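As structure tokens, the structure follows; a few thoughts come after it.
Given the structure is predicted, the values throughout are model-derived calculations rather than measurements. Labels below follow one simple rule: chain letters A, B, ... track the order of the sequence lines, proteins then strands, and each chain is numbered from 1.
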2 protein chains.
Amino acid sequence: MAVSILDVAKRANVSISTVSRVVNRSELVNAKTRARVETAINELGYRPNAFARGLMLRRSEIVGLVLPDLHGEFYSEIIRGANIQARESGYNLVVFSARDRDDSQPLLNAIQRRTLLDGIAVMVSELTDRTQEVLAQVPMPVVVLDGDVNGGPHDNVVINQREGAVALMRHVVHACGARRMLFIGGLETNVDTIARYEACRQVLAEIGRDIDPADVFHLDYEYETAYNLGTQRISDWIGDGNCVFAANDEMAAGILAAANAAGIAVPQQLAVVGFDDTRVARMTHPPLTTVRVPMSRMGASAIELLCERIGDMERPPRRVSLSPELVIRESCGHALRV
Amino acid sequence: MAVSILDVAKRANVSISTVSRVVNRSELVNAKTRARVETAINELGYRPNAFARGLMLRRSEIVGLVLPDLHGEFYSEIIRGANIQARESGYNLVVFSARDRDDSQPLLNAIQRRTLLDGIAVMVSELTDRTQEVLAQVPMPVVVLDGDVNGGPHDNVVINQREGAVALMRHVVHACGARRMLFIGGLETNVDTIARYEACRQVLAEIGRDIDPADVFHLDYEYETAYNLGTQRISDWIGDGNCVFAANDEMAAGILAAANAAGIAVPQQLAVVGFDDTRVARMTHPPLTTVRVPMSRMGASAIELLCERIGDMERPPRRVSLSPELVIRESCGHALRV
DNA sequence: CGCGTCATTGACAACGCTTTCATTCAAGGA
DNA sequence: TCCTTGAATGAAAGCGTTGTCAATGACGCG
């Protein structure tokens, strides 16, 4: 049986109240007594019981992070950032992920199951009504990550996707002379995919063009599927001013590999750009032009916001907006034109 | 204020004991009463308070996973596997990581701080005496991941590194004709690095050779540093029968990139092999010959073992050994010889 | 010398749950 | 009819904290 506050009290010849005061650094305890209690605590190796403590204080110092998936560097970096920030703020982090590729529904249920969390940060891949509804009912502080919850009741951190994607497209169009875009996204309902696609069309519109629906593909953000698609179609895509815009770097890398395998020179015969600036982007051949999404920062900001909110339930909802950054490497053909 | 068991009891006109029995699926409650209680629970949206529950039951259904770092796919996959298995076993997972590149010392402290965890799985990068000592004192079930704790008191899951590295080396030496090895590891004290290095020498010894100390490098497992090293030295490495053995795929990818940049043909002028079979391995040019380490399986097995142990504190320590698998692609030059 | 003040400490009531033990009541056997 | 039995339920004792409030005693002042 673990040593309890009572054991310490007995050993130090004081009451449990005094021990509690010492543990919680209350000022109103005599220096001598404090020393005696501290000795007892060390000798006994006493650790306050977190359950009893939580029962009184109604907080666990644990926050949750809910992600749609755990696969790949994108989520992994978010977790890393979140974890560091959580530790920084004195919290522990527990990670939840949706089973399968379902929406985060089952997840939220899992969370509601127990009242152990002080709050959660939720990242949703598709912001359905159902998800919104569940979100509104979560009985604890919530911050929404990357969901564009306009004026919702929650704090949230958003990536200004549109801005990043537009910057990328402008570069590709104006500096690299792209005219025909081939868009490779994730699921059609995915919020990121939608934002990137819109940006693509917007910039094309600026030069009086549009994207051919036949040039739009919806995959699953994975390298292999993109590689397969590339292997099948890439010969149709070759041409000066043609550019593949993959909604993440992994898929861009897949296209690049398919191009290499087919003996197609990138960017001379076909330009390729990605999104996220994950580690792969520097490892492809040629290195990828892409947009750096501050992944770990996203995680960190979400947790920071969450902890602030836990500390002050009254303050009005805040929104943190993170800006992506254009990263120009060689796959876009920039070097060819300058 | 949240709804408590008492509210439910009042609403259903029963005592809290009965409500508790219903919640915990005890059989000894009349069908009609049970129905009444369940209705009340739903109407009120009652959720048992996890703290109170934990206080009585002395378990939180939360387990910890301690990693030396959170960077990169290797750890990310371990987390993913662990997370899935934890959910499977009815636990939540909280992840801890060492600050900086320090040993896991501060970590374990952080964990001891609170008594909330039912157990922890610990992965150590360097098994120092200090770490061992701390490990022995952790006041809860522990499983050690990949640490070769011989006959230690803990359950553990090990990767049979040696076996994998030897298989790789045999292939490289016998099928690909390697004679001079260039070894690129992580820190000299890193257990993985040591195992891989030993295997390298062992197989070399089998053909009456050894590795030249000048051909051994200790980096940090990162792509960039390997790339830099490669850029500096690679011209010295060219030669038939010469082969770079990088202790992970990222570094191997760095070397490959340096080779590409220098116009060196891999594997014709220099063979390169990696370790882990992370996603990069399929994306390099040429694709990497490597050893597949079942990363997510490692995480899952550790958690599985941990949960079993929590369920039965008496059973003798178990050890799960996972075997890596040789993955032959093109960077080793195999195709050239067959 | 008596009394108010203040610093220090202790007693005890929560917190919300599980679990043991006692109680109630209906049915069945003698 | 009375007693035994067993199923269903309730009362109450913790579990280990925190926080409120009261008690104690030393000290200074009138």
Side-chain angles (χ1 to χ4, degrees), chain A residues 1-41 44-62 90 112-118 139-140, chain B residues 1-41 44-62 90 112-118 139-140:
Chain A
M1 182 60 52
V3 11
S4 85
I5 198 172
L6 188 59
D7 301 316
V8 178
K10 278 181 187 154
R11 176 130 187 166
N13 260 315
V14 294
S15 74
I16 58 170
S17 317
T18 302
V19 178
S20 175
R21 278 188 277 258
V22 169
V23 170
N24 296 298
R25 322 212 161 292
S26 163
E27 290 312 316
L28 10 97
V29 36
N30 182 285
K32 262 184 165 159
T33 322
R34 149 164 293 133
R36 200 148 33 98
V37 172
E38 277 167 352
T39 315
I41 288 179
L44 263 38
Y46 166 71
R47 310 261 159 228
N49 180 303
F51 296 113
R53 184 169 237 261
L55 187 53
M56 283 302 295
L57 264 32
R58 326 189 119 339
R59 43 196 187 82
S60 58
E61 286 162 355
I62 298 180
Q112 287 190 311
R113 236 186 47 196
R114 295 279 175 246
T115 23
L116 250 180
L117 271 39
D118 288 348
M140 55 183 139
Chain B
M1 181 61 50
V3 10
S4 84
I5 197 173
L6 188 60
D7 300 317
V8 178
K10 280 181 185 154
R11 175 128 186 170
N13 260 315
V14 294
S15 73
I16 59 169
S17 319
T18 303
V19 178
S20 174
R21 279 189 276 258
V22 169
V23 170
N24 297 299
R25 325 214 159 290
S26 162
E27 291 311 317
L28 11 95
V29 37
N30 182 286
K32 262 184 165 158
T33 321
R34 149 164 294 133
R36 202 149 32 101
V37 172
E38 277 166 351
T39 315
I41 288 179
L44 263 37
Y46 166 71
R47 311 261 159 226
N49 179 302
F51 295 113
R53 184 170 238 261
L55 188 53
M56 283 304 294
L57 265 29
R58 337 194 75 67
R59 40 195 189 84
S60 58
E61 285 162 355
I62 299 182
Q112 287 190 311
R113 235 187 48 198
R114 296 277 173 249
T115 22
L116 249 179
L117 271 39
D118 287 349
M140 56 183 139

- Any B/S15 side-chain N or O less than 4.0 Å from OP1/OP2 of D/dG10: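 Looking at the OP1 and OP2 atoms of D/dG10, one of them is under 4.0 Å from a side-chain N or O of B/S15.
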- Could you tell me whether the phosphate oxygens of D/dC15, OP1 or OP2, come under 4.0 Å of any side-chain nitrogen or oxygen in A/N49? no
Sugar-phosphate only, base, or nothing, as touched by [X] at under 4.0 Å among non-hydrogen atoms:
X     : answer
A/L57 : sugar-phosphate
B/S20 : base
A/V29 : sugar-phosphate
B/V23 : nothing

If I take atom [atom1] in residue [X] and atom [atom2] in nucleotide [N], what distance separates them, rounded to the nearest angstrom?
X     : N      : atom1 : atom2 : value
B/K10 : D/dG10 : NZ    : P     : 14 Å
B/N30 : D/dA8  : CG    : P     : 6 Å
B/K32 : D/dA7  : NZ    : C1'   : 16 Å
A/I16 : C/dT9  : CD1   : P     : 15 Å
A/I41 : D/dT17 : CD1   : C1'   : 13 Å
A/R58 : D/dT17 : CZ    : P     : 17 Å
A/R53 : C/dA14 : CZ    : C1'   : 17 Å
A/R34 : C/dT8  : CZ    : P     : 10 Å

Keeping the roles fixed (side chain from [X], backbone from [Y]), state whether a donor-acceptor pair exists under 3.5 Å.
X      : Y     : answer
B/S20  : B/I16 : no
A/D7   : A/S4  : yes
A/T33  : A/V29 : no
B/D118 : B/R59 : no

- Note on the structure: Considering only heavy side-chain atoms of B/I5, the closest of C/dT8, D/dT18, C/dT18 is C/dT18
- Query: What nucleotide among C/dG10, D/dT9, D/dC15 has an atom nearest to a side-chain atom of B/T18?
  - Reply: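 Output: D/dT9.
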- Message: Whether the side chain of A/R21 and the base of C/dG10 hold a donor-acceptor pair under 3.5 Å is what I'd like checked.
- Response: yes
- Starting from the 5' end of DNA chain C, give me the residue, A/M56 or A/S17, whose nearest nucleotide shows up first. A/S17
- Note on the structure: Sorted by position of nearest nucleotide on DNA chain D, 5' first, the leading residue of B/R36 and B/A52 is B/R36
- B/R36 with B/E38: basic N within carboxylate O range, under 4.0 Å: no
